Amino acid sequence: MNTTNELRKNIKSLIAEKKVDLFLGWEKGSLPLAATPLFVTAEDQADKAIFDVTCGNNLSIYFTKDKKQFEGRKVGIAVKGCDARSVVLNILEKQIKRENVVIVGLPCNGVLDRKKVLAKTDGREVLELIDNGDTVIVKGNGFDLQLNREEVLSSSCLACIYPDAQEYDFFIGEARGEVPNEGRLKEIEEFQTLSSLERWEQTRAEYEKCIRCYACRNVCPSCYCNVCFVDQNDPRWIGGTSEYTDTLIFHVIRNLHVAGRCVECGACQRACPMDINLLMLNRKVAMEVKDRFGDIAGLDINGKPAMSDFKEDEKQKFIMG
Amino acid sequence: MSEWQPRILAILCNWCSYAGADLAGVSRMQYPPSIRVVRVPCSGRVDPLFILKSLQSGFDGVLVSGCHPGDCHYISGNYVARRKFAVLKPLLEYIGLEPNRVQFSWISAGEGDRFAKVVTKITEDVRELGPATRLVKKL
Amino acid sequence: MKNKKNSVLVLGAGIAGIQASLDLAEMGVEVHLIEDTPTIGGRMPQLDKTFPTNDCSMCILSPKMSECARHPLITIHIMSALKEISGDPGNFICRVIERAKYVDPVKCVSCGLCEAKCPVKIDDEFDMGLRKTRAISRYFLQSIPSEYTINPRHCLYLTKGVCKLCEKVCPTGAINYEDKDKEIDISVGAVILATGIDPFNPIGFGQYGYHRYSNVVTSLEFERMLSASGPFGGHIVRASDDQPPKKLAFIQCVGSRDEGIDKNYCSSACCMFAIKQSIIAKEHSRDLEASIFYMDIRAFGKDFDKYYDKAENHYGVKFKRSKIADITELPDGCLELKYTYENGDIQREVFDLVVLSTGFQPRQGSRELSENLDFRLNRFGFCHSDTFHPQETTRKGVFVCGAMNSPKDIPESVVSASGAVAGAVKLLDPGRHDVSTGEKEIKEKDVVGERPRVGVFVCHCGINIAGVVDVKNVAEMAKGLKNVEHSEDVMYACSTDCLEIIKERIEEHDLNRVVVAACTPRTHEPLFRDTISAAGLNPYLFEMANIRDQCSWAHMNEPEKATAKSRDLVEMAVSKARSLTPLKRLPIAIDPEALIIGGGLAGMTCALAIADAGHDVFLVEKENVFGGNMRDIFFNPDGSDPQQFLAETIEKVENHSGIRVFLNSTIEEIAGYVGNFRTMFTNGSGQQEELTHGVVVVATGGQEHKTTEYLYDESSRVITQKEFEAMLHDEKFPPGKLREVVFVQCVGSREEGRMYCSRVCCSKAVKNARQLQHKKAKANIYFAYRDVRTYGFSEQYYSELRDSGALFFRYTPGNKPEVEKIDPDDPDSRIRVTLFDPVLEKDVVIDADLLVLATAIDPLEENLRLAKMLKIPLNSDGLFLEAHVKLRPVDFATDGIFVCGLAHSPKDMGESIAQAKAAGSRALTFLKKRSILAEGTIAEVRTDRCSGCGYCEDVCAYAAIEIDLEEGVAVINDALCKGCGACVASCRCGALDLRGFTNEQLFSVFDSLEIEAVEGIL
Amino acid sequence: MNMVRLDKQKFSNFILELSAEYTVFAPGKVGGKTEFVPIRSEDEIDFKTLVTDMSPKGIFFPSSEVLYEYDKQGIRVPEKEIGKPIAVWGMRGCDSRSLLMLNKVFGSAIQMPEDEKFQDPYWKEKYDSSLIFGSACNTPLSTCFCNWFGGGPHSREGMDVFVVDAGDSFLMEPVTGKGSNFLRELTCFADSTEKDEAVAKKLASDAESSMAAPMEVTDLGERLNDLFEEAVWEEISAKCINCGACTFSCPTCHCYDIQDEGKGSRGKRIRVWDSCMFPIFTMEASGHNPRALSSQRVRQRVMHKYSYFPEKYGEFLCTGCGRCVTACPVNLDIREVLKTINAYNKQGITNG
């Protein structure tokens, strides 16, 4: 609550002092499990702002969604650790200018995965949620459940190393510092121990589910092409069907397109209507990018995005001898 | 019935690897008739999608070859390409594509013999794997 | 000079004549190319491969031949001779005899019906008599011009008044028995002679039994045997029994290095020629055994030693340093060689085939020509020229190039040709022209919106392709492909007659895309593009399938699979062709000035060549004096004075109104591109200056290798050749008597870390040894060498030295001369040298008063910096790597940048001068144009898709893309873009594409093959 | 025919008998999600989920459907994989109603003269022969708003058989002749009792009363038309990220794209779902995009559902299933949007 109050104060003063024309935050939405983006342009709206486990949206997406909207405006933005990295990438990728954005950093304790909550309630509708820090309480018709926070956090959060915003103008609340999150890659490591055929079968089963709604792409803060390659039809880059080779190639290429750019915010996975374990690919790519090029997306505002850079003496064992 | 002959798409850069293939031919070096060559100016031109598209289209394997590091006719195109391949290759293996289906090499204009060797090697590798099935789109 | 003629007569249409003609024509000069035989091309078409890259000779030459034939400023006069030159330099009248051809070239369609019917069989000159041709014939299949001619010496009608069969069968009435020789006068400003050489004819020569033994052949005959287009279709078989030989012997120096027949010169190319032939022969058949019998292996050119090493250690060619005593023919046609090793051992060995590496000799009729045209020959009958004027004959305004004035290999011939052009152009006044000058403007057909109508031409390449691939099957298959309107198989797609066929088919079938399935687009694409362009199609509506290099040659033993693969490649090419779009080439303005980096002999010579042609030159030298390495050269074997020549040259440079000199200056940055370079440099007073210019010539030179071997650092009595030359010049000899002088060659050269020959050291050592003899008559000379590489006319000085009593000891890298100081504590101590004498097979010990080391020539370390700045490559030795080692020896792949002098590779003064002039000429081919055309295959942006993320900008090595931050989109500089496509593949948004290699085009290729077929060929 | 009762013990028999004639679809779990899947036995059915994550429209209008294949021999419509007609078990009233709406589009073009009516053969083939077992909602969700548009938790529209879960039994009431014919032929039913009917009634009234009061929608279409040019759309759409989750989960959204996939001389023409939320949806070949802005696309979706479709077909293209409300990643709640429209409208009129 403290953080929320401080955030509201901060927004108010930014607006009052005309340091920003618009502030992007979160407010309580119509559903108990998800906050909704809040666009603050006047001081009195600032009191709607909240910051809790339901604030999953990565608000940096609005910088690229409609660039015109932000032209000539100074924008304040509330960011979690992952969101801050997205903002940094937006700056590195010339989508916004650093001087035009006021970053209000927040320490993040993770955000909810609605699907995980519903799994706990056995599909029963949740009508109320109370964020108690280590635990969350969910209530519905005829039930009242106390859940450990970790049980219902987005899997991206469970693997997060940088919960605090690393790039900011103001930081609100108490920084959590780097979280080692040992075993964060356990799922991937285990998957890698499977045989090639087993991996293939699992991958195929996963991507056979895809209905090509592109929600993953559309919620992704790093996916901001005017026309996504998958939608281009002159020429058509890949087939448009839900056949698994088409869907898988779409996802593989999308992952390569966000290589060195994916901040692992998990928005894609939370948005997926088919519950595809999308992060399994994203995190593998991020892992390779870090291992091979030493790069973590959006961490260094003075750096160069991994895929726009190279060094002459990189590992190249994968090249035929 | 003779041995199954895989079909492998070879995307070669114009200045080194394609020239290497020419040299292999001019030198009458014999290698398996498995590859189908597509010439691009530089390995830097190779979009990872080219590789996936080719596999989907039914090629049993894909070879991408450029100039040796430092030799790029376009100075650094192969370095740019290498980063892409360095991510693509482990990712493809990760999703369960057989590791040897997609391979990368550096072959210079003077390395006709290396070209022949590389083609022989990838052909053997792919032959061992058998016809591609996993990413092949049934039409 | 008034009335300067803007035209040149070039005599001889070999590679030198062709190169000279092309350079001149590119400068806007009108050229008359006079050729004795019925075709241009010279010797190169007879060659199968070229060393040291094994490039197919015809493949690299034919585009140049076609270019020559197509160039609007070049008039080719075949079967013609130059009778007389009158007038003055700048204004000559040349009398040319055009012999009767008896076939009207306008009417002849090269159908070949006449040849098929001609009853007179005669030896085919092109195939060295190994095949028969007819009295009416084409010189060879790819002859240019392609029309037939009648040989009047053999034609039955012309000799006996009977027959006329050819006239009867000729469908176009082209035969004209009444044709007469014509004399014409051509006025030109200068004349370039390039008549080349004849191979030595060993009939009746020595002990080799040529023409007596059927299995003894000359190297040129063997070359035809190796050639896939040769008399035996590329299958090496013996004349005696049609069996493939298992054991080959190459005998070197047949007609070279032979005082007995007054050929005391080295033909310079035969060693490499033999090595090449042995490698190619071994590639034909791995279990074939090849031995080369030689005196010295003279692999002195760039990358030659590596080739030699490869032959010996990779291919297992046997090198036998020995003298052939005798050859006898055995009853089975095999030949027994009796030969003596240097230690006196006599060996006998039986070979299946013996190849005589015949040397070069002056062309037959050279003397008559020299008398008619009034120029002098040298003692061996070659055209005379001197070290400092390598392309000048004794007649002013008449220049010489190619092997006519000294034995040369192909790149040296090309260099000398361009060099001769530099001399000629001084006498002309071509002015500057637009790129389209003289070219016929062909209205381009607008194909946009038309349905693709693809024409497919599948080339036999003689038997190169058709011998393995079922060409007709491939052509037939192509007929069934989508949008293919026409498909046919053709004998030689690149021959002039076939190019005509392609043009006709475009017309006939209204084709708007053309696919040629033949050889590699790397050499032939330009030719075909020009062809379809001449037919009114945009040149980019063309695609090639390489079914020769990738199919017939790579799968010679699997004809069915090679055919299947060819079908696929054609299908893929057609798929791409379907979506090809016309591309435009934008004009790039050319600044008329040149920047030359390096003020040594090469840099200055090049500067003068360019400035004398009327272009401003900026000459930047890092030292405070001009002259570079030449300042240390005091003697020339012919007695001329290098220092005097240098002083004259420096004076000319410094006083030339067109040359701005910058001493003590360092290049800091070179930006821009052909025609538009911008160079920052620090001048002599330490200030930054900027220059703008159209071309760059790299003439940075080389340096003497700093050795630590042979006590060089420890003794005053161990010096380098350079120091020795200065000592001889200054006559400051070491104290005491100078009796025993040891020369050690190859110090640092031809060994690990420097696997190349420094080329000049042998001749230089010989020269200095003779100077020593001159100045210290009592000195004994000991010469430790690996191979004595006194190529060309230097051989005479070597044999003189040898005859004078100098002792020669051959050593091997494993058995180098050993040296020690007699008094280890005395820095001036005499040196004890222990040499192994392979003749006596024992050590020889010499207490030397002086040890002279022939240290290697090293590339400069700063080459790397300059290479990065100019984006040009270095070879593995750190020498600048030219665009093509054979045919583009002074160009870089990047337009507008040239190289000459030691920066390219070790060479002597004459060669540096020749190359510098060549670089000047090549530079002038750009400078003489007001504008050139940019490439069509460059990247383009679809701004509606671009999100301005800047990855393209980051990956572009040429700074050709920038993000317009206002608009948030990428912008491409068309002139800077080199078309690599790295930006395109890095664009997630699909906003970038590479013209000519668009996503659409490539996607359609990946998707072109039918999936069932992917199940494999069973 | 009256209501019949099926004891739940006999349900597996029922499914067996149904499967004999039909390919049966029912709510099932796919990963963590629920959607209508083909089932063979009772245990594959998810009885708990009230509103499946994906709507059942995909059964009759698949997300990707091959219209025909071609090669050098000619054009062929692919053989149907499922030879039997389709039966759907467990379809809620909102969903069965949506099929009626879709049938207006695909099954017949009602404003056209009879002989020019276009009927989509792919839809008709599947839909006309289908048998829909509806499922009454006894505990509507907070996101349900079927009652706004004339529906209700025990609505029977679009069903062939109306089914009420009465605890230990299913009470089934034939709605169409097809439904009663089917029930008549089956043996596992018992006749329903008065008690059964009373239970059903009670469940219906409880369910209805548990829902929030509906918003007044009678002049929604007109109000929307008035607001077409208003700035309110920018406000509404500000947080929309145009992801299309709403359209893909919606039972009534039916926009599609036709794509050709070819290779060599073979290929096929495929119909795939599309979304008006995507910028490329309206991109014209010229490069011009009449709905380039997010606000224009959001407006289009709302207008289509609540103004254009009613104008043409006489009813809203929304059944109030609430899927778009839960699916939206930024919680852009359509109910809030409609309320905003209502409020804005009134203000606009009073002020204007």
Side-chain angles (χ1 to χ4, degrees), chain B residues 1-2 4-7 9 11 14-15 18-19 21-50 53-54 56-60 71-77 80-81 84 109-110 112 116 119 131-132 136-139, chain C residues 49 53-56 59 280 283-284 519-523 546 548-558 561-562 564-565 568-569 572 576 868 871 873 893 937 955 957-958 978-986 994 996-997 999 1002-1003 1005-1011 1013-1018:
Chain B
M1 200 165 71
S2 70
W4 168 68
Q5 189 65 52
R7 280 211 284 196
L9 186 79
I11 307 178
N14 181 54
W15 302 94
Y18 194 93
D22 281 351
L23 182 59
V26 171
S27 316
R28 310 293 195 280
M29 283 165 186
Q30 304 296 297
Y31 53 83
S34 54
I35 56 157
R36 303 293 180 267
V37 172
V38 176
R39 183 171 65 114
V40 291
C42 175
S43 52
R45 173 70 186 89
V46 179
D47 191 308
L49 185 80
F50 295 177
K53 249 186 133 54
S54 312
Q56 193 187 26
S57 168
F59 282 101
D60 299 302
D71 281 1
C72 180
H73 178 80
Y74 300 104
I75 301 164
S76 54
V80 174
K84 292 190 181 82
V119 173
V136 181
K137 184 173 183 178
K138 304 282 184 297
L139 196 68
Chain C
K49 296 286 152 51
T53 49
N54 287 359
D55 272 342
C56 162
C59 303
I280 303 297
E283 280 178 353
H284 276 249
C519 55
T520 175
R522 294 177 60 254
T523 55
N546 187 347
R548 189 189 67 184
D549 303 54
Q550 290 170 16
C551 297
S552 62
W553 281 355
H555 316 302
M556 295 164 83
N557 307 319
E558 300 169 285
K561 289 175 180 178
K565 185 173 169 185
D568 281 359
L569 292 182
M572 288 160 79
K576 186 173 174 199
K868 291 217 153 134
K871 293 156 185 161
T937 46
V955 301
Y958 302 97
K978 301 263 185 282
C980 70
C983 57
V984 180
S986 295
L994 183 64
F997 293 91
N999 287 325
L1002 293 172
F1003 290 173
V1005 173
F1006 304 144
D1007 245 358
S1008 55
L1009 302 183
E1010 288 280 337
I1011 208 153
V1014 177
E1015 300 302 318
I1017 305 145
L1018 296 172

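Remember, it's a predicted structure, so these values are computed and weren't measured experimentally. The chains referred to below are lettered A, B, ... by the order of the sequence lines, with proteins before strands, and numbering in each begins at 1.
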Q: Check whether Met572(C) gets within reach of chain B through its side chain, its backbone, both or neither, counting any heavy atom under 4.5 Å.
A: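 Met572(C) touches chain B through side-chain heavy atoms alone.
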Q: Check side-chain contact (heavy atoms from CB on, under 4.5 Å) between Ser43(B) and all other residues, then give those that pass, not counting sequence neighbours.
A: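 Per chain and number, Ser43(B) pairs via side-chain contact (heavy atoms from CB on, under 4.5 Å) with Asn78(B), Ala81(B), Trp106(B).
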Q: Examine the side chains of Lys84(B) and Ser986(C) and answer whether a donor and an acceptor come within less than 3.5 Å of each other.
A: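 Side chains of Lys84(B) and Ser986(C): pair found under 3.5 Å.
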Q: Among residues at least two apart in sequence or on other chains, which ones pass salt bridge (charged side-chain N to carboxylate O under 4.0 Å, His left out) with Lys576(C)?
A: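 If we apply the salt bridge (charged side-chain N to carboxylate O under 4.0 Å, His left out) test to Lys576(C), skipping adjacent residues, the hits are Glu543(C).
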Q: Looking at chain B, which one of Cys983(C), Cys551(C), Ala957(C) has the largest number of heavy-atom pairs inside 4.5 Å, strictly under?
A: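 Result: the option with the highest number of such pairs is Ala957(C).
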Q: Pick one of side chain, backbone, both or neither for Gln550(C), based on which atoms fall under 4.5 Å of a heavy atom in chain B.
A: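 Gln550(C) touches chain B through backbone and side-chain heavy atoms alike.
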Q: Name the region of Ile11(B), side chain, backbone, both or neither, that has any atom closer than 4.5 Å to a heavy atom of chain C.
A: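 For Ile11(B), the contact with chain C is made by the side chain alone.
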Q: Are Asp22(B) and Thr520(C) close enough, and set up right, to give a side chain to side chain donor-acceptor pair (under 3.5 Å), and what steps lead you there?
A: CA-CA 7 Å; Asp22(B) 281 351; Thr520(C) 175; 2.5 Å; yes
Q: Tell me which of these, Gly996(C), Gly981(C), Ala985(C), has more heavy-atom pairs under 4.5 Å with chain B than the rest.
A: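 So the answer, after comparing Gly996(C), Gly981(C), Ala985(C), is Ala985(C).
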Q: Look only at the side chain of Arg36(B) and the backbone of Asp568(C), and say whether a donor-acceptor pair between them is shorter than 3.5 Å.
A: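 A pair under 3.5 Å: no.
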Q: For residues Asp60(B) and Pro131(B), report the shortest heavy-atom separation together with the two atoms involved.
A: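 It is OD1-CA, 3.5 Å.
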Q: Would you say Phe1003(C) and Leu49(B) make side-chain contact, with heavy atoms under 4.5 Å?
A: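 Answer yes - side chains close enough.
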Q: At a 4.5 Å cut-off on heavy atoms, which part of Lys868(C) comes close to chain B: side chain, backbone, both, or neither?
A: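 Interface part for Lys868(C): neither.
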Q: Quick one: which of Leu9(B), Asn14(B), Val38(B), Val37(B) has the most heavy-atom pairs under 4.5 Å with chain C, could you say?
A: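 Of Leu9(B), Asn14(B), Val38(B), Val37(B), Val37(B) has the most heavy-atom pairs under 4.5 Å with chain C.
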Q: Which bit of Val80(B) comes within less than 4.5 Å of chain C, counting heavy atoms only: side chain, backbone, both or neither?
A: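 Contact with chain C: side chain only.
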Q: Against chain B, work out which of Leu1002(C), Asp549(C), Val984(C) has the most heavy-atom pairs shorter than 4.5 Å and name it.
A: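 Heavy-atom pair counts peak at Asp549(C).
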Q: Which one of Thr937(C), Val1005(C), Asn999(C) has the most heavy-atom pairs closer than 4.5 Å to chain B?
A: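 Of the options given, most contacts go to Asn999(C).
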